[in-house]
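This report concerns only the one structure given below.
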Amino acid sequence: MEELAKKYSFKDIEEKQYLNCEKKSFFHGRIDQSKNPFSIVIPPPNVTGILHMGHALNNTIQDILIRQKKMRGNETLWMPGTDHAGIATQNVVERKLAKENLTRDDVGREKFLKLVWDWKQEYGSTIIKQLRSLACACDWKRTRFTMDEGYSDAVLEVFIKLHEKKLIYRGNRIINWCPRCQTALSDEEAPHKDMEGFLWYIKYPVKDAKKFLTVATTRPETMLGDTAVAVHPKDERYKDLIGKTVILPLMEREIKIIADEFVDPAFGTGAVKVTPAHDPNDYAMGKRHDLEFINVLHPDGRCNENAGDYNGSDRFEARKAIIEDLKQLKLLVKVEGHSNAVGHCYRCHTVIEPYYSKQWFVKMKPLAVPALKAVKDGRINFHPQRWTKVYLNWMENIQDWCISRQIWWGHRLPVYYCSKCEDENDYEKGVFVSRVKLDKCPDCASNEIYQDPDVLDTWFSSWLWPFATFGWPFHKTKNSSPESIELKKRELEYFYPTAVLVTAPEIIFFWVARMIMSGFEFMGDIPFKDVYLHGTVRDDGGKKMSKSLGNSIDPLEIIAEYGTDALRFSLISITSIGQDVYLAKEKFEFGRNFCNKIWNASRFILINLEGADVTVKAIPVKGELNLADAWILSRFNLTLKKLNESLAKYRLNEAANVIYEFFWHQLCDWYIELSKLNINSIVTKTVLYNMLEKSLRIMHPFMPLITDEIWQKVTGTDTSIMSKSWPDVDEDYIDTDIEKQMQIIMDVCVCIRNLRSENNIKPKDKVDVKIKHEDPQILNILVSNSEFLMSLAKVGNINPKVTADSNNPVVISSTAAGAEIGIIISLDESFDPEKEKQKIDAQIKELNAHITRKDKLLGNVNYVKKAPPAVVEKEKQSSLELKQEIEKLEKIRSALK
RNA sequence: GGGCGCGUAGCACAGUUGGUUAGAGCACCUCCCUUACAAGGAGGGGGUCGUAGGUUCGAGUCCUACCGCGCCCACCA
């Protein structure tokens, strides 16, 4: 056994230990039919990602689960990788170009893509490197990227298959358009935020009448594309106007007044301007009434040639101008403040424009059926459970998924159009979905065929993550042999479905729900059994940590200052299941201090085990152990039991705190202190060794690096605890009687320390103690373990008969564990019997309050009748004990001169 | 408009199915550099568990309403 360095220095051990595990392939998962598989796929961070606290939390949780399962004998696999993050990554490279005053159009598609790949090559592994600094036990050799060759093949396969099943289609729809990114977005990518805006009331002159019809709108600029005004069919105010015509101001266009049930007569004026090309509701009305669709915006948000005089001006500039012009024309009736929810681009936060456009969609309803069922019948479970409802609600109201994006970085749609055959009115004519590149039209053989310039939504590749990462669909590539394909197939079979998905609730819709759907569609099975949703990391003011807010704490900085293990343990211990995590830098001191404690306690044990022949198995049977030995073994097994329960329920903070409590406040504070009395006994040494060895095992998933370092010193090996087994609970050592006895010793010890402290007795000075108890058994426990008290409370003599003498003439007493405890002190001027009496009076008063409450309870016939007998008995006993304690205190009080 | 979470000590939090005198951490006060550890040890002060009702023998825990904070979803212009 080697000694540990005097000072714990995480910098000297952490990286070394991580590399050691990796070198020994402990992170590698492979098929082992003798074991149960336990696999996790990492939520792939964006290639543009920089490690933040959310990642730190997310991956620490996964790492704990993986390591613990591996120790429990499962064959574990943690699949790592990154996501190409279409828009986000494209934006990064575009911003880089912008610094040189270039746009992507300036460089062209091919060159631009090369620039993105170059960027990916250079910076794309940053996040992976950073994950390693968290000590993640990922199987790095398997690291996947959503745009690597095989993965792209999966995306292609899925597109083709869904298209064959008519679940992918092309159509003209109102979609969410980001004028800055200039692409369509899915509904999930355009979150609505409440904004304070205005409701403008605008008069539309009725044709051939000296009347006006007033409409209310939040987006006046869209009036340029109005093709009707709608009122409710039963609205008496407007009944006679239905079918008539109004003149659209500014455009001088004649538009119809239509009747539609959609209109709410109570809102605004009860008359709605209808802009079918720029609003989803108006779109629906436009369809119902066969209205014209006039698009008045360029893709970049400027007004187009359909916008009359406003052609060329930005949508918000146009809004201002239109309001001014309407004012001039005296057509603006009034303006009201109005708050409504406005969609924003989830990548650049620009206000979304509902935009009429031709896009590709996935029909979701059929895919949702098995995904709904699996969660309803419990084949997939959410933790915490409340998210189930959120999931089900979304699934039940699922909308079709817009998957085409007008950007360049991503999987290009495997769709080809023939210029000759294309037909504006027929979405399928001249359109070909193909696995291979087409250079001739399959219909007319024309070579005027071109591939769709669009790429697929990033999530269209990530939703395949749980199986595509294993090599599905196993097509032959230039680097694959039939054997390697065969192996991949078997690996998927072995590791799929994965055990648990660990992620944040923000992406339930984006990702979790879609993976469940794709799992059923392509694997015919769930992708994972459990979904563990952890909270969001916030600053201590409750704000979400983000780079843009400038309130983030950099995990790498924390690692540099406190160490990886400290970061992990701190983070986990303050993360209660599903709750958001409030972080401040100081919180990491918690983990650091604990690591330090582990180090020092281990150091003590190692020093004292020097040369001793101890093994884990050599613990004597219980009867041969002293109280302290038996107690700590009981504590350990109870701790382990609780730990196992907490882990099974994903209550990792509870698990961390159970470990902390045991190691620090039981093993260190009491057992190690007591062990010093018998440090040369082989039994004590064995127990110490055993406790250290087992503690290291159970702490390893939480703090893998420090535990491995100590483990190697303890065992003289160079292995990792990862490859060792999780301890079993040994019920034989759990002993409530031993626990009770030890509790008495501890209570009395605290009582003596308390008396010493209150009476200003110097820590070095020994005191004589007088202990009285009516119960000879308890007295016996105290007397036979008196050496513990002598050591822990610096007691000289301990004896029921100790009396004051002329040198030490005063006995100061208190009660603990039902015993009367007195210490003999020498009299000095600071001693004031009156103060002692007051102290005792206060104690008595408090006890009396409890007794009164209890007696009232016990006097209640309903309570005695209805409460479980054990509870009643406990109350009775407790009341009795309190009364006895008061008696003792009163005796002590009256003895005071 | 619907849904969810939170409100417990000065601070930020835990409290699993309702059952002894509501818990640790940080901060604070007193004492101690005691031979594993001052990133430590011993002791201590501090809480009408957001408010008001209700269910119950018994409520921080369950129910209802309300107040405050935060989040998510939804096509009311």
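Letters A, B, ... are given to chains in the order of the sequence lines, protein chains preceding strands, and every chain is numbered from 1.
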* Asked: Just by protein heavy atoms under 4.0 Å, how would nucleotides 72-77 of chain B read 5' to 3' in B, S and -?
  -> -SBBBB
With a 4.0 Å limit, can you tell me whether [X] has a side-chain N or O closer than that to the phosphate oxygens OP1/OP2 of [N]?
{"X": "A/R386", "N": "B/rC4", "result": "no"}
{"X": "A/N860", "N": "B/rG58", "result": "no"}
{"X": "A/K587", "N": "B/rC13", "result": "no"}
{"X": "A/W664", "N": "B/rG41", "result": "yes"}
{"X": "A/R651", "N": "B/rG15", "result": "yes"}
{"X": "A/K874", "N": "B/rG19", "result": "no"}
{"X": "A/K764", "N": "B/rC31", "result": "no"}

Using atom [atom1] in both nucleotides, what's the gap between [N] and [M] to the nearest angstrom?
{"N": "B/rG60", "M": "B/rG54", "atom1": "P", "answer": "15 Å"}
{"N": "B/rC71", "M": "B/rC31", "atom1": "C1'", "answer": "48 Å"}
{"N": "B/rC63", "M": "B/rA38", "atom1": "P", "answer": "49 Å"}

* Asked: Can you name the residues that form a side-chain contact (heavy atoms from CB on, under 4.5 Å) with A/E561, not counting sequence neighbours?
  -> A/K585
* **Proximity of A/Y355 and A/Y283 rings by center, below 6.0 Å** => no
* Do the side chains of A/F590 and A/S573 get nearer than 4.5 Å, heavy atoms only? -> yes
* Asked: Could a donor-acceptor pair under 3.5 angstrom be found where the side chain of A/E673 meets the base of B/rA36?
  -> yes
* Asked: Which sits closer to the 5' end of RNA chain B, A/F594 or A/L857, going by the nucleotide each is nearest to?
  -> A/F594
* B/rA9 pairs with, by Watson-Crick or G-U criteria that keep both distances under 3.5 Å -> none
* To do: Provide the Watson-Crick or G-U wobble partner of B/rC62, both distances under 3.5 Å; none if there is no partner.
  => B/rG54
